[in-house]
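Heads up: the structure comes next, in structure tokens.
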Amino acid sequence: MNAATLYGLCSAALVGLGLFGAIVHPQPLRKILAFNLLGGGVFLQFGVIARRGAAAGMGGDPVPQAMVITGIVVAFSATALAVTLLLRLYQVSGSATLSIETQSSSESDGGGR
Amino acid sequence: MTAAMVLDVGLALLVVAVAVWIVAAGSAFAAVVGFVSFGLLLALAWARLAAVDVALTEAAIGSGVTGALLMTAASRLRPTESRSAGERPGAFLHVVAAVLAVLVSAGLAALVLIPASPAPSLAPAAAVHLPELDVLNPVTAVLMAYRAVDTLLEKIVLLLALIGVWSLAPDRFWGGAPGLWPRSRPDGELTLLARLLPPIGIVVGIYILWVGAIAPGGAFQGGAILAAMWLLIMIAGLRPVPEIHRQWLRLVLVVGPAVFLTVGFAGFFLPNGFLSYPAQFTKPLIIVIEVVLTLSIAAILGLLVAGPPERERQR
């Protein structure tokens with residue numbers, strides 16, 4: 001087994017872990033974290049494809065590598081927007097939950113600023 | 001088993017172990033701390049996959065800047081954690097999610113274990129035009145020339161995200177300064193760090209931008225380092241967080257994408273299409289675009305971490 005296969009299996013595990021976390025965690029912040037984990041796994045899969053495409057004296061195919069660089073920056077923008085939305089939800093409703101029952105009860109007891 | 005293989009196996013196991021910790025950790029803050037180390041370990045994995053450009057980006061943006069953002073959010077949201085503990089879904093959903101996750105992982109693992117032969121690669125095609133571009137780093141060539149439109153659109157996404165973040169500010173704070181409160185005493189260690197580190201960090205950031213033409217590096221990685229230095233200075237309170245209505249600030253934010261777009265449209269008239277560079281000016285044009293992009297990237301990344309305005313606009 002070479003390094004590319006090894007990290008490929010690692011990336012498959014990361015995608016599964018991220019998917020599991022994003023489904024079962026009730027807290028939105030933990031969902032965002034898990035989603036980033038999933039993204040990290042997908043990016044690493046690109047890295048494996050790039051490494052296997054090593055040719056023309058290059059250590060890897062530069063096209064998937066460049067796509068991942070763009071992807072990391074876009075993932076960061078989306079994370080920043082999601083986190084700000086979450087903090088705004090907390091500011092307005094006094095809770096940071098996606099559950100409808102908990103949200104309405106916290107509104108009635110005067111949560112928020 | 002060679003030493004390199006031992007290193008790879010250990011690193012891969014460590015990455016998965018930290019990922020398990022991020023999903024299983026008791027508190028969100030502990031999970032975020034795990035996420036920062038996850039990013040750094042992943043950067044090492046990228047280096048082992050001969051993708052040093054990606055490793056730099058992952059360490060600077062995926063781990064550093066994202067980590068700063070998530071840490072602030074986790075400490076602000078700490079009061080909500082105990083309440084949402086009771087919302088954990090039942091055992092049935094856990095099992096369904098676990099089965100789904102295992103199936104997806106197994107599918108991806110199968111794709112890894114049964115590779116396409118011969119492996120698809122655009123590396124020879126990318127190598128053909130490198131001498132013409134006078135850019136020796138193939139990743140920079142893809143980002144700035146072959147797939148420049150991706151890079152341009154990504155800059156627009158960054159700007160849109162910043163507009164989205166700003167638009168979540170309450171009305172009365174519009175135009176004010178983001179809520180990145182200075183947290184240190186004037187004689188504290190953070191202030192010392194914010195005085196010592198930026199001169200070195202700024203040089204490193206500019207070097208990484210410059211060296212991107214011939215070696216791993218470039219506008220994203222350099223910009224992220226400059227953004228980190230700017231954030232450090234603002235958090236230490238050595239310089240105020242700028243109010244978002246400032247003209248100079250908005251100019252810095254758009255100058256990179258604007259120059260990129262201008263060069264792109266000029267391509268219609270001078271060479272032969274959108275974002276194609278005239279042959280004799282390719283290298284200077286790429287450098288000019290990268291320099292202004294780095295400036296805009298640094299400002300946008302810093303302001304995305306700083307968040308929406310939380311103080312009233314000063315007259």
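Below, all heavy atoms of this structure are taken into account, side chains as well, without hydrogens, waters or symmetry copies.
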- Note on the structure: For Ala101(B) and Gly16(A) the tightest heavy-atom approach is CB-O, 3.2 Å
- Query: Between Ser77(A) and Leu158(B), what is the shortest heavy-atom contact and its length?
  - Reply: OG-CD2, 3.2 Å
[X] versus chain A, heavy atoms under 4.5 Å apart: side chain, backbone, both or neither?
X         : answer
Ala74(B)  : both
Gln221(B) : side chain
Val102(B) : neither
Val32(B)  : both
Ala25(B)  : both
Val96(B)  : neither

Considering only heavy atoms from C-beta outward, does the side chain of [X] approach that of [Y] to under 4.5 Å?
X         : Y         : value
Ile72(A)  : Val54(B)  : yes
Arg88(A)  : Pro170(B) : yes
Val16(B)  : Leu17(A)  : yes
Thr84(A)  : Pro308(B) : yes
Val112(B) : Arg52(A)  : yes
Phe43(A)  : Trp46(B)  : yes
Leu9(A)   : Leu113(B) : yes

Just verifying a value: how many Å separate [X] [atom1] and [Y] [atom2], rounded to the nearest 0.5 Å?
X         : Y         : atom1 : atom2 : value
Arg48(B)  : Leu6(A)   : CZ    : CG    : 10.0 Å
Gln45(A)  : Leu108(B) : CD    : CG    : 5.0 Å
Tyr7(A)   : Asp8(B)   : OH    : CG    : 3.5 Å
Leu301(B) : Phe76(A)  : CG    : CZ    : 5.5 Å
Ile61(B)  : Ile69(A)  : CD1   : CD1   : 9.0 Å
Leu87(A)  : Glu310(B) : CG    : CD    : 8.0 Å

Go through [options] and name the one with the most non-hydrogen pairs under 4.5 angstrom from chain B.
options                                : result
Ile49(A), Thr79(A), Leu14(A), Ile32(A) : Leu14(A)
Val83(A), Leu37(A), Val68(A)           : Leu37(A)
Asn36(A), Val73(A), Val74(A), Leu81(A) : Val73(A)

- Item | Partner chain A: residue of Val142(B), Leu49(B), Leu42(B), Thr140(B) with the largest heavy-atom pair count (under 4.5 Å) | Leu49(B)
- Could you tell me whether the side chain of His94(B) and the main chain of Val24(A) form a donor-acceptor pair under 3.5 Å? no
- Give a yes or no on whether the backbone of Val23(B) and the side-chain of Arg30(A) come within a donor-acceptor separation of less than 3.5 Å. yes
- With a cut-off of 6.0 Å (strictly less than), are more than 12 heavy atoms of other residues, nucleotides or ligands near CZ of Phe46(A)? no
- Message: Taking side chain as everything from C-beta outward and backbone as N, CA, C, O, which of these in Ala13(A) sits under 4.5 Å from a heavy atom of chain B? Side chain, backbone, both or neither.
- Response: both
